[in-house]
Amino acid sequence: MYSETVCEHGLTWIKPSFLWMMYRCGWGTKEGQETVLAVDIDRAGFEWALRHACLSHYVSGLHTDRAAWKRELGRAPARVQWDPERDLHHNALPYRSLQLGLAGEAARRYADEWIVGIQDVTPLARQVHAAVRAGKPEEAGALLPEERAYPVGEDMLAHLGV
């Protein structure tokens, strides 16, 4: 997982996708985002955040009405948005990746309880980026961290429209 603190919303965002994080931080070249950390969190914490999350946007049929969604969003310590996954050139792919925003209790638990490891992956980001710039997509792809689908029961994501 990759984490980003977004000060304008007071949220810490967990991004389980390496390429989505590279899109967001510009391969670690954007000002203030020159260091990229992979943050390992425990499964129980991640699933707590999913169970206590609200979608970041209103969905007719999932939410009673916009007012109910806004109340839920205001109370929820976590929010979920699904953004297009990215390829090596930051082009949007036809499927989406989870972005999990943490605030309040969720952000505190994340910092104090859920983190079990932190690794600086800035050198990896630079190495993959160099291969992309050199026109070597196979080499770049071989360097990417292994990512697998995260298995969860349907009941855990039903309130998020999944």
Taking C-beta and beyond as the side chain, do [X] and [Y] meet within less than 4.5 Å on heavy atoms?
| X | Y | result |
| --- | --- | --- |
| M22 | R86 | no |
| S97 | K15 | no |
| Q99 | V80 | no |
| Y110 | I41 | yes |
| L37 | V121 | no |

Separation of [Y] [atom2] from [X] [atom1] (nearest 0.5 Å):
| X | Y | atom1 | atom2 | value |
| --- | --- | --- | --- | --- |
| D42 | W114 | CG | CH2 | 8.5 Å |
| L50 | R43 | CG | CZ | 9.5 Å |
| S56 | D83 | OG | CG | 7.5 Å |
| E72 | L62 | CD | CG | 8.0 Å |
| L88 | L143 | CG | CG | 9.5 Å |
| N91 | E85 | CG | CD | 12.0 Å |

Closest heavy-atom contact between [X] and [Y]?
| X | Y | result |
| --- | --- | --- |
| Q81 | W13 | OE1-CH2, 3.4 Å |
| L100 | A53 | CD1-CB, 4.3 Å |
| E113 | R108 | OE2-NH1, 3.4 Å |
| R126 | G28 | NH2-O, 4.5 Å |
| A103 | L11 | CB-CD2, 3.3 Å |

Please test V39 against I14 for side-chain contact (heavy atoms from CB on, under 4.5 Å), starting from the C-alpha separation and ending with a verdict.
CA-CA 9 Å; V39 180; I14 296 173; over 6 Å; no

Step by step, work out the side-chain contact (heavy atoms from CB on, under 4.5 Å) result for Y58 and K70.
CA-CA 8 Å; Y58 170 76; K70 283 193 175 205; over 6 Å; no

Flag for T29-E34: side-chain donor and acceptor within less than 3.5 Å:
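E34 vs T29: no donor-acceptor pair found between side chains.
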
May I ask you to check whether Y150 and E47 show a side-chain donor-acceptor distance below 3.5 Å?
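The criterion, which ignores hydrogens and geometry beyond distance, is satisfied for E47 and Y150.
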
Co-membership, hydrophobic cluster, residues [X] and [Y], 4.5 Å side-chain:
| X | Y | value |
| --- | --- | --- |
| L93 | L19 | no |
| F46 | L55 | yes |
| V152 | L102 | yes |
| V59 | W82 | yes |

Judged by atom type as modelled, is there a donor-acceptor pair below 3.5 Å linking the side chain of [X] to the main-chain atoms of [Y]?
| X | Y | answer |
| --- | --- | --- |
| E147 | F18 | yes |
| W20 | P84 | yes |
| H129 | A125 | no |

For the residue pair W69 and H57, is the inter-centroid distance of their aromatic rings smaller than 6.0 Å?
no

Please verify the inter-ring angle class for H52 with W48; under 30° counts as parallel, over 60° as perpendicular, anything in between as tilted.
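Answer is parallel, since the angle falls under 30°.
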
Please assess V36 against C25 for the test side-chain contact (heavy atoms from CB on, under 4.5 Å), listing each intermediate value before the final yes or no.
CA-CA 8 Å; V36 183; C25 72; 3.8 Å; yes

I118 and D40: side-chain contact (heavy atoms from CB on, under 4.5 Å), yes or no, with the steps?
CA-CA 6 Å; I118 299 175; D40 293 328; over 6 Å; no

Looking at R148 and E146, is there a salt bridge between them, counting it only when a charged N and a carboxylate O are closer than 4.0 Å?
yes

